Structures are given as structure tokens and as C-alpha cells.
Amino acid sequence: MDTQYFERMESEVRTYSRSFPIVFDRACGAHLWTTDGTQYIDFLAGAGTLNYGHNNPVLKKALMDYIERDGIVHGLDFWTHGKQDFYQTLEELILKPRGLDYKIQLPGPTGTNAVEAAIRLARRITGRSNILTFTNGFHGVTMGALATTGNAKFRDALGVPAIGAQFMPYDGYLGEGVDTLDYVEKALDDKSSGLDRPAAAIVELVQGEGGINAASIEWIKRLAEICKQRDILLIVDDIQAGCGRTGKFFSFEHAGIKPDMVTNSKSLSGYGLPFAMLMMRRDLDKWTPGQYNGTFRGHTLAMVTAAEALRHYWKDDTFEQDVQRKGEVIRERFEMLAGLLSDVGHPAKERGRGMMRGIDVGSGELADEITHGAFQRGLIIETSGQAGEVVKCLCPLTITDDELEQGLTILERSIRSLIE
Ligand SMILES: *Cc1c(COP(=O)(O)O)cnc(C)c1O
């Protein structure tokens, strides 16, 4: 495979291609093929962007039809038929049945843009600047969002101090049996805690990049209550955990809470097209016209596939039931694999929610050996966590039982080969 152009021309900033230094060409569902035809099963799926698989045929058809009839591709923030269809479908199939009454802001097309917009709006509304964020949180790498992202790898690259946010311990950060919200609550109410009164709290309910840490339902409910009592806006960053990944369309549905704002992106278009949105409680829409703009606010092709994905997968609860069922299959296997590792002196733990699952194997080196071994056997799977110590599964939600079994078997073989 000819990789000279990548090596000569592509910046050193590249990441995923270092773990998988081969040239991919085609993809379908949960499979990827290289230029020379080697097949891989995809348990990375665009880091949670391809919940409905690569080149999903239903979405592809909607996209092709739209292009074929010269539907508007780029229209700034014009009202287009494509956008109307998206809003209508979102309201009817997602928001109304869940009792949610949100307005939508379409910022630039990637996740971090939605986070920036949420943070900025929270500051405008409250007149406060501080944002509460949580250890191991990942919210994007533009300036405002980066201040709420924990990982030093990203923060160190900012070049100026990351300001405007203060970190609080996420659920589980201080070990089992400690409710980290005891500290959060105390710090908020103690005038000498050093915590500036926040405009908002931003949180992932299952941390993706931070290591597949799933906050407990009680913790989520209590956080929502703490924010509500103190007039702090709650922003749920559902960019990775949303669109069904945890077994419900929104990750917060499990806890029955209604966040003040929700950011969504990655799998929102359903087809891997860039698309981000901020949902806000209706009364929070304090923007004045044009105050936050961007050339690619709402990319119509992404809205066309997004609307089709909602129609096809979210008209009833069949899909989410199936995600929950497959999530259990993954959980059981991961628990078994964590047990295998623990038995031979590598304490490991399974965690996650729905089909957002990981095995914390305790060290980044071991996790790398496992994912590298899996790659050699035909499985694309990555790590996350502060030291890359969590082997994470983000396979397409549409993966078939057979494909899932094949992928899990490869992972198991890779682990067994290291310990037996
Ligand atoms: C990926 C991600 C982002 C950033 O999205 P980009 O499209 O990379 O800007 C923000 N928050 C979470 C939870 C993410 O997983």
C-alpha cells in the first residue's frame, strides 16, 4: 500500500491513522475495506459518528434522491425544504413523544461549535462567566469548549490559559462509595470554596473520550436538582452518547431529566456528514439576529439524512430495544473478558451504558497491545481514558448479531493471546 503521500504531506497532528496505518477505501455497515481488499470489522465507527453504519442504504437513497433533484446543498441559514423536513421530523418523532419543548440553533457543523454556542448563550443569559465541568470531560478543542475539556494533551496545545471553567469530580472519580456531588454542593454553597458562581454546568452522562465512564442515574438526577435549585443551567453534551448510543435516543432519558440545553452532533446526520445542533429550552433563546453565525450552519445534505434516520429508526421503540439487547451482549462479554484479565493479575473492569461500552484494563500499554492484536486479526477498535487505558466499543448500532459476535470473538482472541 502506498502511504508516501500521507507521510510526506499530512501534518504530524494526525491521530487515528497512527493506530491503523493502512489505506481504507470502501465501507458498508460495520465493515471497512482497504484499497487491496482486506476486510475489517469496525468497532470505532467514526468515534460514535456512524451509529447507523457506513453508507447506510436507506440514508444513501434519501441523499441520492435529494441530490438527483437538485435539492439545495448550501443555503447559509435560508429556510429550505430539507431543513423544514428535519425540524418537523425531529419535533414529531423525538421531542414531542419525550415531552421536550426545545428550540434549535444550528451553529457550525462540528460538535465543538454546538458546545461553544451553548457556553456563550449560558453566559449571556446569566451574566456569569464560569462554567462547571467535570474531570475527564471532553467537549471539543475550540477555545471555549477546550476550557471545559480535561485532557492535558489538548489543553497544552492552546497556547494561552484555558479560562472560563472550573473542574469538579465526575461520578466515581474518588472511588466507589464517594458521592462527588457532596463536594460540588458544598463548594457551590460555601462562599470561601474558591468556586465562582457558575452560569452553567456542562456534562457528558457517559464520558466518551474520557474513558466510557457512565454516571449513575442517581448522580445524574442529583446533579440536575443541584443545578435547578441554584439557577445554574444544565447543559448535557450528548454529542457522542446521543442518537441511541446508550439505548435511548438521548442519554438523559434514562434519568428522566430535562436539561436546559443539549448539544448533539456526531451521529446526528446518520451518514457521517458534518452536522451539529444546540437544543435550548424555549425561554432561553436570547440570541438577537445574526449574533452567532457561520457559513456552514446547517448543511442541508446532513439534514436530509438526519431526517431520514429519524423516520427509519425512531418511529417506534423497536430500534432502541434492539440497541439495549445488543448492549447486554457486549456487557456480558466484556465482563467475562475483564474477569479473564483480572484472574491473571491485570485488574480490569467493564463499564458503560447501552452500546457505549468499554473495558478498563488498567494501563494504556496493555490496552494498546489488545487493540493492536485485534487490528491484526481484522478488527478496528480504539482506546480512551486519561492514559488510553480503556478498550472501547462504539460499533454501529445497526451491526448484525453475527458481525457483533465476530468482532467480540476477535477481541477475545487478542486478549487470550496476551495472557495465555
Ligand atoms: C467529539 C465530541 C465533541 C467535539 O465534537 P467535534 O465534532 O470533534 O468538534 C464534543 N463533545 C463530545 C462529548 C464529543 O464526543
Side-chain angles (χ1 to χ4, degrees), residues 13-16 44-51 105-120 122 131-151 153-155 157-158 162 165 167 170-171 200-215 220 234-246 249-252 259 261-279 292 294 296-299 302 306 352-358 382-386 388 390 392-394 397:
V13 78
R14 69 196 177 85
T15 50
Y16 293 107
L44 175 58
T49 303
L50 297 160
N51 281 6
Q105 180 184 357
L106 303 178
T110 69
T112 198
N113 300 124
V115 172
E116 290 290 337
I119 289 174
R120 205 166 300 178
I131 306 292
L132 277 195
T133 182
F134 292 90
T135 49
N136 283 306
F138 180 85
H139 301 290
V141 299
T142 53
M143 207 156 195
L146 183 62
T148 66
T149 289
N151 199 316
K153 175 177 76 180
F154 303 113
R155 295 176 70 86
L158 190 57
F167 282 83
Y170 192 73
D171 191 19
I202 185 164
V203 67
E204 292 163 272
L205 301 184
V206 181
Q207 295 182 321
E209 300 308 299
I212 315 292
N213 310 307
I220 297 167
L234 179 63
I235 306 167
V236 168
D237 181 348
D238 231 12
I239 289 173
Q240 190 163 151
C243 297
R245 177 55 62 182
T246 67
F249 188 83
F250 296 114
S251 66
F252 56 82
M261 295 190 225
V262 182
T263 56
N264 218 303
S265 180
K266 288 195 166 78
S267 272
L268 183 60
S269 80
Y271 202 70
L273 296 169
F275 190 23
M277 74 172 173
L278 169 64
M279 303 193 302
Y292 193 104
F296 290 99
R297 275 171 300 160
H299 176 31
R353 183 166 288 133
M355 287 175 75
M356 189 164 184
R357 297 252 159 218
E382 258 290 10
T383 60
S384 77
Q386 56 97 16
V390 180
K392 68 170 177 184
C393 170
L394 290 172
L397 307 181

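Numbering of residues begins at 1 and proceeds along the displayed sequence. Values in this document were obtained by computation on a predicted structure and should not be read as measured data. Both ligands and their constituent atoms are indexed starting at 1 by order of listing.
One finds the CZ atom of F252 at 10.0 Å from the OG1 atom of T246 (value rounded to the nearest 0.5 Å). Summarising the geometry, atom CD belonging to E209 is positioned 9.5 Å from atom OG1 belonging to T149; distances are rounded to the nearest 0.5 Å. R120 CZ to I131 CD1: the interatomic distance, rounded to the nearest 0.5 Å, is 11.5 Å. Separating the CD atom in E204 from the CZ atom in F138 is a distance of 8.5 Å, to the nearest 0.5 Å.
For the side chain to side chain contact (heavy atoms under 4.5 Å, CB included) test with L205, the passing option among D238, D237, V236 is V236; the others fail. For the side chain to side chain contact (heavy atoms under 4.5 Å, CB included) criterion with Q207, the lone passing option out of N213, T135, I212 is N213.
For ligand 1 and D237, the ligand atoms under 4.0 Å from any heavy atom of the residue are 10 (C), 11 (N), 12 (C), 13 (C). Residue-ligand proximity, H139 to ligand 1, at heavy-atom distances under 4.0 Å covers atoms 10 (C), 11 (N). Listed by number with element, the atoms of ligand 1 under 4.0 Å from a non-hydrogen atom of G140 are 4 (C), 10 (C). Ligand 1 places these atoms under 4.0 Å from at least one heavy atom of Q240: 15 (O).
Distance check for atom 11 (N) of ligand 1: a protein heavy atom is found below 4.0 Å.
Atom 2 (C) of ligand 1 has its closest protein heavy atom at K266 NZ, 2.5 Å.
Annotation: T112 places an N or O atom under 3.5 Å from an N or O atom of ligand 1; distance criterion only. For G111, a nitrogen or oxygen atom sits less than 3.5 Å from a nitrogen or oxygen atom of ligand 1, counting backbone and side chain alike. Considering backbone and side-chain atoms together, S265 places no N or O closer than 3.5 Å to any N or O of ligand 1.
Contacts between I239 and ligand 1 below 4.0 angstrom, taking non-hydrogen atoms only, involve the side chain exclusively.
In this model, a donor atom of one side chain and an acceptor atom of the other lie less than 3.5 Å apart for T142 and T112.
Residue contacts with ligand 1 include E204, since one or more of its heavy atoms lies under 4.0 Å from the ligand.
Within a 6.0 Å sphere centred on OH of Y292, heavy atoms belonging to other residues, nucleotides or ligands number more than 12.
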